[in-house]
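To start, the structure itself, in structure tokens.
Note that the structure is a prediction, hence the values are computed from the model and not measured.
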Amino acid sequence: MSVAGATTVVGYGSTDIGNDNMHKPGDYPSEKGKRRAAGLSETVTFDEAITHSNGMAVESLEERPFFVKISAKDGVIGALQKLDQQLQSAGQTSIISKKEPITWFGEELVPGQVGLVNHGGLPKLLLKPGRYPGFPFRNWIARTYIGTRSLSETVVEFQGLTVVQVSQNQAAVICDPQNRVFIIKNGGFAALSLVGSYSILAVIDQTHLNTVVRDKVTNAILGWTQEVRMSRNTGKDGGNREFVVALFLNIPANNCAILQKGNDLIVIPAGQHYVIDPAITLRGMFTFGENQLEMPTKDIFTRDQVPVQLTIYLKWQLMEPLKLTTHGYSTAYEALRDKTQSILTQVVSHLDYSAMIKQRQIGPDVMDDNKDSNSAFLDALRTRALDELVEASTEYGIVLKDLAVIDRQFKGDIAATMDKLTTRALQAQVEAANVDRENSNSVKKEQGKLEVARVQAQTRITEADANAYSVVAAAKAAAEALGIDAKAKAEATRIAAQAEADAIRSRAKADADVQDAFAREMSARRVEVNRVQAFGNRTVFVPTDAASQSGISSGLAMGLGMVQSVSK
């Protein structure tokens with residue numbers, strides 16, 4: 001399918017090794033695998049055999065003489081036996097030796113190995129495990145025992161016999177006797193070339209290729225490649241030269257690569273691929289992820305001829321790498337750089353230096369102030385610049401997600417003078433701001449002191465209130481304690497007096513109840529004794545009888561005795 005510029009766009013995975021030329025999309029009648037390129041009006045069809053990377057079609061090589069595919073069922077031994085049958089059917093010498101092994105001495109051959117014997121320049125193989133005795137027990141004339149090789153080795157080359165086995169992650173690059181290169185993946189073969197030989201050029205680990213392809217602008221990894229070269233003698237004057245015969249590609253997810261064959265552009269998706277067609281070249285690798293970058297522009301002159309350099313912030317995503325490659329760009333950045341430079345040159349050339357000084361950036365958040373007389377004009381230019389960039393990036397298959405002018409540097413004498421004036425003005429603004437800040441700090445400092453004094457006074461008042469409350473509470477507590485103590489003492493005195501009165505009444509009642517005269521007399525005497533004891537041991541008593549006879553009453557005698565006792 002052709003697009004502008006007579007360029008054919010097809011999907012591509014890996015070449016069909018059985019043919020010398022790559023298949024065209026029209027060669028495949030099946031509609032399976034139909035895909036539509038974004039932004040193109042025509043549908044591109046291709047065969048699934050091209051887009052997957054399962055390796056060579058070994059069946060196409062089996063038509064060659066003495067070439068046998070190694071099957072998973074029969075393995076290497078079965079392939080060697082089939083190859084031996086082909087040789088015998090063609091009247092050639094057998095490659096499998098008819099010697100039988102023994103068990104007691106000789107060269108040992110264990111299971112999983114093949115013995116190699118040089119029989120007059122032709123290969124002979126020992127396949128049966130055991131021991132093989134030498135001359136004179138066996139006829140080894142014109143034969144030389146070379147040794148053993150493991151049947152699981154990737155490559156076995158011996159006297160024109162070639163055995164190749166590759167695993168899932170390997171790819172063997174092979175040159176046949178006619179100098180035609182093919183690639184084996186996920187399989188193997190056994191072949192004998194009587195004229196020429198099969199040369200193993202390389203065995204490639206497809207997930208660990210040796211060359212990293214990076215975006216030279218963003219430094220992002222786009223994929224990995226590895227070239228396989230073949231050295232050949234080009235004649236007397238040319239000597240030995242190396243030629244690239246295969247190119248392996250490992251493309252990570254969300255990336256792609258573009259190959260070119262003549263005027264045809266071939267897009268290959270993420271995965272492991274290889275190319276052996278010499279007419280196909282790698283144009284580049286691309287990523288479908290988002291990219292962002294700060295880009296300095298070249299000097300742009302304003303309308304009054306003041307040079308200015310802008311720093312642009314770009315954010316983009318490549319959606320259709322075919323469009324970009326068709327325009328001759330190897331990276332999206334190159335396309336955006338050229339178009340951005342052109343559009344910004346047109347925008348700035350219509351602006352005066354004075355307007356540019358006021359305009360800090362070109363972005364969606366500017367021009368909100370309609371007081372500036374140039375606002376409408378600058379806003380129109382900004383809108384036109386963004387619209388033109390979006391339209392231009394769409395033509396290149398790029399989605400422009402963000403654009404802003406984040407810095408500008410004016411150059412020239414006028415710009416230097418204006419910068420000095422601007423610097424002085426900024427310094428004055430800074431100084432004024434510093435003075436305002438110092439005044440504000442002083443006011444806040446005094447306010448802080450006043451607030452501290454107020455808090456301290458309030459603290460002192462609170463402490464005084466607390467002390468007064470404590471004194472009052474202590475006095476109340478003391479008064480209450482004294483009252484409680486006095487009440488307790490009075491109650492104790494009352495109770496004691498009451499008890500003493502009760503005791504006297506009880507004793508008096510007891511004395512009154514005594515009927516016997518002698519007992520009454522004795523009780524009276526005891527009372528008298530107690531009364532006398534109450535005066536103390538220094539009291540002088542006057543006999544009551546003498547006192548009575550002399551005319552002194554007993555009361556007076558008792559009083560004298562009490563007085564004398566008190567005076568002493």
Worksheet item: Looking only at atom types and distance, does a side-chain atom of N255 sit under 3.5 Å from a main-chain N or O of L222, one as donor and one as acceptor?
Response: yes
Worksheet item: Using 30° and 60° as the class limits, which term best fits the ring planes of F67 and F182: parallel, tilted or perpendicular?
Response: perpendicular
Item to complete: Inspect the surroundings of CZ in R232 and state if more than 12 heavy atoms from other residues, nucleotides or ligands are less than 6.0 Å away.
Response: yes
Discussion item. Using a strict threshold of under 4.0 Å (side-chain N to carboxylate O), is an ion pair present between K401 and E290?
Written reply: yes
Discussion item. Please list all pairs meeting salt bridge (charged side-chain N to carboxylate O under 4.0 Å, His left out) that have one or both residues in residues 330-347, counting only residues at least two apart or in different chains.
Written reply: K216-E334
Worksheet entry | Stepwise side-chain contact (heavy atoms from CB on, under 4.5 Å) test for L400 and L314 | CA-CA 8 Å; L400 185 62; L314 293 173; 4.3 Å; yes
Worksheet item: More than 12 non-hydrogen atoms from neighbouring residues, nucleotides or ligands closer than 6.0 Å to CD on Q168, yes or no?
Response: no
Fill in: Partners passing ring-ring contact (aromatic ring centres under 6.0 Å, His included) against Y132 (at least two apart in sequence or in another chain)
none
Worksheet item: Under 3.5 Å, side chain of R229 to main-chain N/O of A246, donor-acceptor pair present?
Response: no
Fill in: side chain to side chain donor-acceptor pair (under 3.5 Å) partners for Q170, two or more places apart
S167
Item to complete: Not counting sequence neighbours, which residues clear side chain to side chain donor-acceptor pair (under 3.5 Å) with R131? List them please.
Response: none
Item to complete: Would you check if T345 and S342 make a side-chain contact, meaning some heavy-atom pair closer than 4.5 Å?
Response: no
Item to complete: Would you mind listing every salt bridge (charged side-chain N to carboxylate O under 4.0 Å, His left out) that reaches into residues 75-85, with sequence neighbours excluded?
Response: D74-K82
Worksheet item: When rounded to the nearest 0.5 angstrom, what is the spacing between NE2 in H327 and OG in S330?
Response: 14.5 Å
Worksheet entry | ring pair (Phe, Tyr, Trp, His ring centres under 6.0 Å) pairs, two or more places apart, involving residues 275-302 | none
Worksheet item: Taking the six-membered ring for Trp, are Y274 and F248 parallel (under 30°), tilted (30 to 60°) or perpendicular (over 60°)?
Response: tilted
Worksheet item: Any chance the side chains of N240 and S231 put a donor and an acceptor closer than 3.5 Å?
Response: no
Discussion item. Using side-chain heavy atoms (C-beta onward) and a distance below 4.5 Å, is T144 in contact with I146?
Written reply: yes
Worksheet item: So which pairs with a foot in residues 206-229 pass ring pair (Phe, Tyr, Trp, His ring centres under 6.0 Å), sequence neighbours left out?
Response: none
Residues 107-125 side chain polar contacts: donor-acceptor under 3.5 Å, at least two apart:
residue: N118; atom: OD1; partner: G121; partner atom: N; Å: 2.8
residue: K124; atom: NZ; partner: S94; partner atom: O; Å: 2.8

Worksheet item: What residue pairs, at least two apart or across chains, pass ring pair (Phe, Tyr, Trp, His ring centres under 6.0 Å) with a residue in residues 87-111?
Response: F105-F137
Fill in: Q292: partners by side chain to side chain contact (heavy atoms under 4.5 Å, CB included), with sequence neighbours left out
Y313, K315
Response to the item:
Here the gap from S193 atom OG to Q178 atom CD, rounded to the nearest 0.5 Å, amounts to 7.5 Å
Worksheet item: What residues form a side chain to side chain contact (heavy atoms under 4.5 Å, CB included) with R283, not counting sequence neighbours?
Response: I258, Q260, L265, T325
Response to the item:
Here the ring pair (Phe, Tyr, Trp, His ring centres under 6.0 Å) pairs for residues 80-102, sequence neighbours left out, are none
Practice prompt. Drop me the distance from L336's CG to Q341's CD, to the nearest 0.5 angstrom.
Written response: 13.0 Å
